[in-house]
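Each residue takes its place number in the sequence, starting with 1. All of these numbers come straight from a predicted model, not from anything done at the bench.
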Amino acid sequence: MDLHPMIHIHEQGTQQEILQEDSNANQRHRERIFRPRVSLFGLNEEEVRSRYRFSTEVILELFEQIQQDIEPNCERNHAVPGMVKLLSALHYFASASFQDKAALQTIKDDFHKISSFPNVMGVIDCTHVALSPPTEDIYRNSKNFHSLNVQMVCAADMRILNLVAGYPGSTHDSYILKHSSLHSILTSENLPKGWILGDDAYPLTEYLLTPVKDAKTKAEEQYNAAHKLAHSIIERTFGSIKSRFRCLDRSGGVLQYSPEKGAQIILACCILHNLAVSRNLHVDILDDLEAPPPVPPVAEQDKTQAAKRTRIRVINQYFT
């Protein structure tokens, strides 16, 4: 798919000064221009934030941080520019990529090969990234250190499909999901058949399947075993990212930045992680990574009857 039409870069006005040759006279003069402003299909700032979950200013700042790593290292005419790669990744994380039916079927097939669990569109969990203590105590998590609680959904190959990086460490995992764009996507009527898998920190729903507590039948045990096998991939994804980027694990120190800057760093690392996955650049998962803070399970009353019927139907259809 040609990604070039996704981005238009406009140059206007001033703020920086450059020397430019005058084509009408063999002299040089100073011309003032604005820094390039990015817009997509002529989107205004509100639409850019809606599509990418970041302002234009933040996108440009992030691009400056990772430009050297994502710009093509060749001069082929059809090489994809670094900014296009960044915007594609931001939209990918924001939309969870569930609208691409062919890509979604590949994700489902990969999970089924690994775990025998059908129609899995991704596995979800949260991980904590330690911060230098901000002034707000809301960033203190259940292990009593300050952090960002970061939600991720990944595919079977550990590619990150969805990312929410800005919530304080005291925020419960289920709250982040409920207030994220992913929740809107999963509850939309246009979503293809399937579900994501989460642990008991999330409520059982018709689109998010959790393990059966105190499994009593052989089918429930087989369901739980397949669920655990598939869901373990998100834990390996966290381990891979934090082993490659030690700044994201507390064993390597804490981020000495504001929460807003920390969220940008996490996003940049996740984009580079996906790039590494696409190039089969694997990393050994280190043994000394920080254990995650405990998360209280959601209450039983948060599980609807429709959600329970969905899980029973999956168990009876695929695990008996």
message: Under a 3.5 Å distance rule, please check whether S188 uses its side chain to pair with a backbone N or O of I185 as donor and acceptor.
response: yes
message: With a 4.5 Å cut-off on side-chain heavy atoms, are Y139 and L148 touching?
response: yes
message: If we ignore hydrogens and angles and just use 3.5 Å, is the side chain of T320 paired with the main-chain N or O of A219 as donor and acceptor?
response: no
task: Decide whether L209 and V212 are clustered together by the hydrophobic rule: side chain heavy atoms of Ile, Leu, Val, Met, Phe, Trp, Tyr closer than 4.5 Å, transitively.
output: yes
Exam field: side chain H273 to backbone T237, donor-acceptor pair closer than 3.5 Å: no
- request: Can you see which heavy atom on R250 is nearest to which on E290, and at what distance?
  value: NH1-OE2, 3.3 Å
message: Test your reading of the model: is there a side-chain donor-acceptor pair from K242 to the backbone of G252, 3.5 Å cut-off?
response: no
message: Any heavy-atom pair between the side chains of P203 and S174 that's under 4.5 Å?
response: yes
- prompt: Can the ring centres of Y318 and Y223 be said to be less than 6.0 Å apart?
  reply: no
task: Indicate if I266 and I271 have the same hydrophobic cluster label, given that clusters are the connected sets of ILVMFWY residues with side-chain heavy-atom separations under 4.5 angstrom.
output: yes
N/O donor-acceptor pair under 3.5 Å between S115 side chain and L229 backbone: no
query: For the residue pair C126 and F238, what are the closest heavy atoms and their distance?
result: O-CE1, 3.6 Å
Polar side-chain atom of E206 near backbone of A306 as donor-acceptor pair, under 3.5 Å: no
- request: Take atom OH of Y257 as the centre, draw a 6.0 Å sphere, and report whether it contains more than 12 heavy atoms from other residues, nucleotides or ligands.
  value: no
- prompt: Do you reckon L197 sits in the same ILVMFWY cluster as I160, going by side-chain contacts under 4.5 Å, direct or chained?
  reply: yes
statement: Smallest heavy-atom separation, C247 atom then L255 atom, equals O-CD2, 3.5 Å
field: D288, CG: over 12 other non-hydrogen atoms inside 6.0 angstrom
entry: yes
message: Assess, by modelled atom type and distance only, whether the side chains of E220 and N224 contain a donor and an acceptor separated by less than 3.5 Å.
response: no
task: Please confirm whether the backbone N or O of V254 pairs with a side-chain atom of H146, one donor and one acceptor, at under 3.5 Å?
output: no
- prompt: Does atom CD1 of I138 have more than 12 heavy-atom neighbours from other groups under 6.0 Å away?
  reply: no
message: So for atom NZ, which belongs to K213, do other residues, nucleotides or ligands contribute more than 12 heavy atoms lying within a distance under 6.0 Å?
response: no
field: Hydrophobic cluster membership, V150 vs V164, 4.5 Å side-chain cutoff
entry: no
query: Among side-chain atoms of R311 and T210, is any donor-acceptor pair under 3.5 angstrom?
result: yes
message: To check you understand the geometry: which heavy-atom pair defines the closest contact between L248 and I241, and what is its length?
response: CD1-CG2, 3.6 Å
query: Are a donor atom and an acceptor atom from the side chains of N141 and S147 found within less than 3.5 Å of each other?
result: yes
query: Would one find more than 12 heavy atoms of other residues, nucleotides or ligands at under 6.0 Å from atom CG of D137?
result: yes
Closest heavy-atom pair and its distance - D110, A156: CB-CB, 3.6 Å
- prompt: Side chains of H172 and V298: closer than 4.5 Å at any heavy-atom pair?
  reply: yes
statement: Nearest heavy-atom contact between M121 and P192 is SD-O, 4.2 Å
- request: State, with a plain yes or no, whether a side-chain heavy atom of P168 is found less than 4.5 Å away from one of E136.
  value: no
- prompt: Taking a hydrophobic cluster as the set of Ile, Leu, Val, Met, Phe, Trp and Tyr residues connected by side-chain heavy atoms closer than 4.5 Å, whether directly or through intermediates, do V153 and I176 fall within one such cluster?
  reply: no
- request: Over 60° means perpendicular and under 30° means parallel, so classify the ring planes of H227 and H231, tilted if in between.
  value: parallel
Matching residue for D173 among I124, D125, T127 - test: side-chain contact (heavy atoms from CB on, under 4.5 Å): D125
